[in-house]
Amino acid sequence: MGKEILANWREGFAFRGNYLIIQVAVKINNLHRWDVSVTEAKEIQLKLANKIVIADKDINPQLIAGVDISSPDSHGMARGAVVVLRYPELNIVEVKVAKSKVTLPYIPGLLSFRECPVILAVCEMLYNTPDIVLVDGQGIAHPRKLGLASHLGLFLDLPTIGCAKSILCGKHEPVEEKPGSFAKLIHNGQIVGAALRTKAKVKPIYVSIGHKTNLTMALNWAMKCCRGYRLPEPTRLAHLAASGKLSPEPK
DNA sequence: GCGACAG
DNA sequence: ATCTTGTCGC
């Protein structure tokens with residue numbers, strides 16, 4: 001691994017095209033040897049979190065994307081998927097799927113180091129540039145304010161929204177049953193996101209700012225991308241694509 | 001010290 | 001994330 005690349009990663013300026021060779025190091029019970037300790041990875045997150053931009057104005061998206069990765073197979077290969085939909089119809093404009101080697105184990109709080117390379121690799125294949133990207137994971141609703149959606153947003157330099165299926169940190173009051181209802185997610189006395197009821201009688205999803213968005217936008221666009229399922233179409237379809245259940249060709 | 005813990 | 005069939009309800 002080039003020191004330059006690592007240095008750039010540390011500063012949050014890893015170059016597009018080079019991120020695949022970035023190896024972020026994590027040492028876990030002496031089972032693995034990596035290049036950066038857990039402590040260092042957390043310090044990197046704190047630095048990157050300072051670069052997150054909160055949008056002051058909304059946007060009128062024409063293209064909304066969703067990203068996800070499959071769980072790695074026995075060889076550590078995972079499929080990354082990105083689906084681009086046209087808004088408001090939500091019809092498929094582009095689907096890309098690509099396999100990458102996953103090098104890090106899953107560690108709560110460090111998910112982005114595991115998934116970013118896979119997702120960035122597939123996003124590099126995109127012909128279209130989405131206006132917003134919905135991500136299957138937290139944004140700033142994270143112990144160090146740098147969930148997958150935020151980390152990805154910095155690398156893509158695009159507005160991102162975290163749409164997680166469960167809580168990483170924070171608490172909230174019960175959410176009304178009516179779709180569109182939400183309850184603020186509070187962590188350390190701060191509003192870090194919200195539990196959003198996307199569908200009646202189904203558990204809420206957890207929405208938070210990724211990058212270049214704000215909570216109002218995040219809730220609004222996540223909700224407007226829902227079509228009768230618990231998950232918004234972009235991440236729902238990306239999940240299907242990653243698990244090989246959606247043709248990697250435009251319909 | 002103990003539990004919690006995105007995917 | 002994953003192991004897993006049918007089934008109850010809108």
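Numbered from 1 within each chain, the chains take letters A, B, ... in sequence-line order. As the structure is a prediction and not an experimental result, all values here were calculated from the model.
- Here the side chain of A/H75 pairs no donor or acceptor atom with the backbone of A/M77 at under 3.5 angstrom.
- A/E177 has no carboxylate O lying under 4.0 Å from a charged side-chain N of A/K201, or vice versa, which leaves the two without a salt bridge.
- Base engagement by A/G109 is indicated by at least one non-hydrogen atom pair under 4.0 Å involving a base atom.
- With values rounded to the nearest 0.5 angstrom, A/I64 atom CD1 is found 7.5 Å from A/I161 atom CD1.
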Polar atom pairs (N or O), protein with nucleotides 1-6 of chain C, under 3.5 Å:
from  : atom 1 : to     : atom 2 : distance (Å)
C/dA1 : OP2    : A/K165 : NZ     : 2.8
C/dT2 : OP1    : A/S71  : OG     : 3.2

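- B/dG3 atom C1' lies 16 Å from atom CD1 of A/I167, rounded to whole Å.
- Taking the charged nitrogens against the carboxylate oxygens, A/R236 and A/E233 do have a contact shorter than 4.0 Å, which makes a salt bridge.
- For B/dA6, the OP1/OP2 oxygens have no side-chain nitrogen or oxygen of A/Y206 closer than 4.0 Å.
- Protein atom CG of A/L146 is 16 Å distant from nucleotide atom P of B/dG7, rounded to whole Å.
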Could you please spell out the steps behind the salt bridge (Lys or Arg N to Asp or Glu O under 4.0 Å) verdict for A/K212 and A/D157?
CA-CA 8 Å; A/K212 291 186 166 179; A/D157 193 29; 2.7 Å; yes
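- Atom NZ of A/K145 and atom P of B/dA6 are 19 Å apart (whole Å).
- Remark: P of C/dC10 and OH of A/Y229 are 19 Å apart, rounded to the nearest angstrom.
- Between A/H187 atom NE2 and B/dA6 atom P the separation is 13 Å, expressed in whole Å.
- Considering NZ of A/K199 and CD1 of A/I205, their distance stands at 13.0 Å, rounded to 0.5 Å.
- Within 6.0 Å of the CD atom in A/E176, the count of heavy atoms belonging to other residues, nucleotides or ligands does not exceed 12.
- The closest side-chain donor-acceptor pair between A/K145 and A/Q138, if any, does not fall under 3.5 angstrom.
- Taking the centre of each ring, A/Y206 and A/H172 come in below the 6.0 Å mark.
- A/D73 has its CG atom 21 Å from the P atom of B/dG7, to the nearest Å.
- Stretches of at least 3 consecutive Watson-Crick or G-U wobble pairs, with each checked distance under 3.5 Å, do not appear in DNA chain B at all.
- Remark: C1' of B/dA6 and NE2 of A/H151 are 15 Å apart, rounded to the nearest angstrom.
- In this structure, A/K201 atom NZ and C/dC8 atom P are separated by 17 Å, rounded to whole Å.
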